[in-house]
Amino acid sequence: MSSAPQYTANGATDHPALNKLLARLTEFSEESREAARQFPLHIPPALATRLLNEPDQSPLLRQFIPSAEELHVVPGYSTDPLNESAAQPMPGLIAKYPGRVLLKVTPHCAVHCRFCFRRHARNDPLPKRLHDFEPAFEAIAADDSIREVILSGGDPLTLSNRRLQNLITRLSAIDHLTRLRIHTRIPVLQPRRVTPTLIRALTGSRLTCIMVIHVNHAAEIDKSARQALDGLVDAGIPLLNQSVLLRGVNDDVETLAELCTALIDSRVMPYYLHMLDPVAGAAHFEVDDTVALQLVGALRARLPGYAVPRLVREVPGMPFKLDIPNRNQNEMFGFS
């Protein structure tokens, strides 16, 4: 499957919904158009059709439409906020955590999220053919402590079924691997991609396949998305969700509770609620730690424990994600 073309504020397409969305961009300021030039608008036609009916300040539109705020230079925000370049022994392979590694199998995504922590890494050199990944495969095979490989990118489901199948077949030949994890936004934002052929590719090897989707707002899960998620779960693929806490998108308890409930009802387990990674161009999405803790505390008061995600932050150099501690609550119950 080829990735969707890019659309900028000065471009046009042969899809009416995308053209109408682009027309809205032309009403934005020159700064917004400059943000679109630096990090292009990139949206599947089906999602563009949905966004046409959204008001200007909607949580869905805010995630995907360029903003003048992206041009603000904020201290502490960088182009490589997680210092992934230091954890990349070779192109495409990232080794940050014990027992698992991440393969960046494509630079392409179905949609450009304006808060993406890899928004400045789209042009990084990555292996293109299966043979080009051989040094990474050999490094994985040489370390029998590695049990799990995470396919990321970009979005691995922008690959064709054949390329995905070939990658999985090669990984399953490494004896000590037991799990394959897929990180993707596609089942919700481009649900037609989830076909029986794709599901067979994901489940046809000896590796246990786990999928982590990324949903930030309940409105993302429409009927088509629920059908795609049902197909994956019915095929035996466990589904987890990771969200990013974003100002103006999901930074209130009602929105988060609705999101968590929608996920559980779609048989997806809320997994992580990430604090924003400090990537240049995304500072306007930041939510304060104190507010984040209050929100998660309110979620715990109204939802069953399994429906409440862990509030975490990724810190460069740490061998795991850090839970954001509620110090006041810990002190209340006598924990240090």
Side-chain angles (χ1 to χ4, degrees), residues 38-39 63 69-107 109 112-127 135-136 139-140 143 145-156 179 181-185 210 212-214 216 240-247 249 251 271-293 296 309-327:
Q38 292 187 15
F39 185 40
Q63 292 185 66
E69 295 171 295
E70 297 175 37
L71 302 182
H72 297 170
V73 177
V74 178
Y77 282 72
S78 73
T79 58
D80 185 13
L82 303 183
N83 196 22
E84 286 194 329
S85 56
Q88 193 165 204
M90 60 193 66
L93 182 67
I94 296 177
K96 292 193 290 187
Y97 304 129
R100 55 208 184 274
V101 294
L102 184 145
L103 275 179
K104 293 172 64 176
V105 296
T106 176
C109 283
H112 281 173
C113 303
R114 309 312 298 181
F115 51 88
C116 179
F117 71 96
R118 290 192 181 128
R119 58 179 287 167
H120 301 285
R122 292 176 298 113
N123 297 319
D124 286 356
L126 291 178
I140 295 169
D143 185 351
S145 72
I146 298 172
R147 293 289 185 264
E148 181 175 15
V149 171
I150 302 164
L151 299 189
S152 182
D155 193 312
R179 294 183 303 278
R181 197 191 320 172
I182 310 287
H183 281 203
T184 178
R185 290 208 81 174
I210 300 166
V212 181
I213 64 171
H214 178 171
N216 294 317
L240 308 172
N241 181 69
Q242 55 183 359
S243 302
V244 181
L245 186 58
L246 301 167
R247 180 151 56 95
V249 174
D251 58 334
Y271 175 38
Y272 283 141
L273 179 60
H274 281 272
M275 299 300 292
L276 180 74
D277 294 316
V279 60
H284 55 290
F285 287 109
E286 184 180 23
V287 176
D288 183 78
D289 282 17
T290 301
V291 173
L293 286 166
V296 172
R310 287 171 56 193
L311 181 64
V312 297
R313 171 180 282 114
E314 189 157 0
V315 176
M318 292 296 295
F320 49 84
K321 290 180 173 63
L322 294 180
D323 289 274
I324 306 298
N326 190 330
R327 294 185 178 86

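All values reported here derive from a predicted model rather than from experimental measurement. Only heavy atoms go into these numbers, but all of them, side chains included; no hydrogens, no water, no symmetry mates.
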Partner set under side-chain contact (heavy atoms from CB on, under 4.5 Å) for [X], not counting sequence neighbours:
X	result
Pro127	Pro91, Asp132, Phe133
Ala86	Asn83
Ala292	Leu245, Met275, Leu311
Met90	Leu93, Pro135, Ala136, Ala139

Sequence neighbours left out, what passes ring-ring contact (aromatic ring centres under 6.0 Å, His included) with Tyr272? Give chain and number order.
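Partners of Tyr272 under the ring-ring contact (aromatic ring centres under 6.0 Å, His included) test: His274.
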
All ring-ring contact (aromatic ring centres under 6.0 Å, His included) counterparts of His183, not counting sequence neighbours:
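None.
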
With sequence neighbours left out, what residues match [X] under side chain to side chain donor-acceptor pair (under 3.5 Å)?
X	value
His214	Asn216
Ser85	Asp80
Arg147	none
Arg114	Glu70

What I'd like to find out is whether the side chain of His120 reaches to under 4.5 Å of the side chain of Val279, using heavy atoms alone.
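In contact.
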
Evaluate the side-chain proximity of Phe117 to Pro81: yes if any heavy-atom separation is below 4.5 Å, no if none is.
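Contact flag for Pro81/Phe117 side chains = yes.
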
Short side-chain donor-acceptor distance under 3.5 Å, Thr79 and Arg119:
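Looking only at side-chain atoms, Thr79 and Arg119 do not form any donor-acceptor pair under 3.5 Å.
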
Only pairs at least two apart or in different chains count here, so list each salt bridge (charged side-chain N to carboxylate O under 4.0 Å, His left out) that has a residue in residues 280-289.
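Sorted pair list: Asp289-Arg313.
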
Salt bridge (charged side-chain N to carboxylate O under 4.0 Å, His left out) partners of residues 272-282, not counting sequence neighbours, each pair once
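Counting only pairs at least two positions apart or across chains, no salt bridge (charged side-chain N to carboxylate O under 4.0 Å, His left out) contact touches residues 272-282.
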
Flag, side chain of Arg185 to backbone of Ile213, donor-acceptor distance under 3.5 Å:
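No: the side chain of Arg185 does not pair with the backbone of Ile213.
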
